[in-house]
Chemist: 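I'd like to ask some things about the structure below.
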Amino acid sequence: MISGRGSNMIALADAVEQERIPGAEIALVMSDQPGAAGLLRAAERGLKVLVIERGDRTREEHEQEIVAALVEGQIDLVCLAGYMRLLSGYFIDAYRGRILNIHPSLLPAFPGLAAQRQALEHGAKWSGCTVHFVDETLDGGPIIAQSIVPVWEEDTEETLSERILEQEHLLYPKAVAQIVRGEYEVLGRRVLNSQ
Ligand code: GRF
């Protein structure tokens with residue numbers, strides 16, 4: 001599920017194509033934004049795309065339509081990749097433990113919007129990215145995998161974001177492969193590699 005550029009979605013599609021996520025298939029690329037650049041990139045690659053706009057509906061009405069489409073498409077795992085909406089309990093219940101997200105910081109530091117800017121402004125010396133399960137909290141679900149990158153003194157929001165994004169493209173496919181292979185166990189907040 002995307003709302004914008006879709007570079008993480010493409011990284012996942014590449015990984016599937018190159019059999020780095022054995023057994024996986026990108027069944028659907030869904031966006032709430034008809035203008036999302038990633039939709040075009042997905043369609044160019046022959047992936048099935050679907051736009052479900054919220055319009056003036058409530059969050060739950062919007063999500064009911066999305067969940068119905070996911071169920072109909074027999075989707076097993078939902079990967080949020082720059083999807084810019086919070087999911088309600090309704091969605092999370094329908095796909096509990098089967099929704100992943102990638103966030104451009106070392107959670108629990110800097111949840112929410114503009115995480116790279118938050119890290120810079122806070123003066124962090126290291127940042128990175130996190131793949132986590134999605135629960136009702138904002139970027140707060142159990143952590144599956146993280147990568148770290150240095151923050152340089154000359155960094156701007158753009159240069160730091162680029163450095164983190166490179167790691168995102170490596171980390172997300174690896175984390176999805178671990179989940180798809182079922183090589184994990186969730187103990188409270190801890191996601192253990194069970195391999
Ligand atoms: C990424 O930085 C991701 O961590 C965050 O939103 C951005 C999406 O980028 N959740 P893209 O659309 O995958 O290029």
Side-chain angles (χ1 to χ4, degrees), residues 1-18 20-21 24 26 28-45 47-53 66 77-87 91-92 95 98-122 124 126-151 155-179 191:
M1 289 172 58
I2 63 170
S3 296
R5 173 178 64 181
S7 70
N8 279 288
M9 176 273 296
I10 293 292
L12 290 174
D14 284 343
V16 166
E17 212 173 276
Q18 296 158 10
R20 284 183 279 128
I21 312 181
I26 310 251
L28 182 63
V29 176
M30 204 296 287
S31 179
D32 60 323
Q33 299 293 333
L39 281 174
L40 225 97
R41 301 175 73 184
E44 275 167 13
R45 295 180 68 120
L47 298 172
K48 184 172 171 196
V49 300
L50 179 67
V51 176
I52 302 180
E53 285 182 87
I66 297 172
L77 186 69
V78 178
C79 299
L80 306 184
Y83 185 70
M84 299 302 287
R85 284 182 190 278
L86 279 178
L87 305 184
F91 195 134
I92 288 159
Y95 272 88
R98 296 187 295 150
I99 312 171
L100 311 185
N101 182 41
I102 185 153
H103 183 77
S105 77
L106 291 177
L107 290 170
F110 314 126
L113 292 175
Q116 303 95 331
R117 183 159 76 226
Q118 291 187 55
L120 265 184
E121 284 176 356
H122 197 88
W126 296 90
S127 191
C129 49
T130 303
V131 178
H132 63 93
F133 284 110
V134 174
D135 64 12
E136 283 82 355
T137 61
L138 173 64
D139 299 323
I143 291 172
I144 299 164
Q146 293 185 305
S147 290
I148 61 173
V149 308
V151 180
D155 267 336
T156 60
E157 191 178 344
E158 287 68 39
T159 58
L160 178 59
S161 299
E162 250 174 58
R163 191 173 312 121
I164 293 173
L165 192 65
E166 248 176 64
Q167 294 306 313
E168 292 185 42
H169 296 163
L170 301 174
L171 187 70
Y172 210 179
K174 275 193 208 155
V176 170
Q178 182 194 346
I179 300 305
V191 182

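As the structure lists them, so they are numbered: ligands from 1, and atoms in each ligand from 1.
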Chemist: Give yes or no for whether the N/O distance cutoff of 3.5 Å, strictly under, is met between Leu165 and ligand 1.
Modeler: no
Chemist: To the nearest 0.1 Å, how far is atom 6 (O) of ligand 1 from its closest protein heavy atom, and which atom is that?
Modeler: Gly82 CA, 3.6 Å
Chemist: Of all heavy-atom pairs between Val151 and Ala124, which one has the smallest distance, and what is that distance?
Modeler: CB-O, 3.4 Å
Chemist: So for Ile102, does at least one of its heavy atoms come nearer than 4.0 angstrom to any atom of ligand 1?
Modeler: yes
Chemist: For Gly6, state whether at least one heavy atom is located under 4.0 Å from any atom of ligand 1.
Modeler: yes
Chemist: At what distance is the nearest protein heavy atom to atom 2 (O) of ligand 1, and which residue and atom is it?
Modeler: Glu168 OE2, 3.0 Å
Chemist: Relative to the heavy atoms of Pro104, which atoms of ligand 1 are at a distance of less than 4.0 Å?
Modeler: 2 (O), 4 (O), 5 (C)
Chemist: Tell me if the CZ atom of Arg20 is crowded by more than 12 foreign heavy atoms within 6.0 Å.
Modeler: yes
Chemist: Check Val29 against Leu39 and note the closest heavy-atom contact, atom names and distance.
Modeler: O-CD2, 4.3 Å
Chemist: Would you indicate whether the side-chain heavy atoms of Asp14 and His169 approach each other to under 4.5 Å?
Modeler: no
Chemist: Give the atoms of ligand 1, by number and element, whose distance to some non-hydrogen atom of Arg5 is under 4.0 Å.
Modeler: 9 (O), 11 (P), 12 (O), 14 (O)
Chemist: Restricting to non-hydrogen atoms, name the atom on Pro142 and the atom on Val191 that form the minimum distance, rounded to 0.1 Å.
Modeler: CB-CG2, 3.6 Å
Chemist: Near Ser7, which atoms of ligand 1 are under 4.0 Å from a heavy atom of that residue?
Modeler: 11 (P), 12 (O), 13 (O), 14 (O)
Chemist: If you take all heavy atoms of Cys129 and Ile164, which pair is closest and at what distance?
Modeler: CB-CG2, 4.0 Å
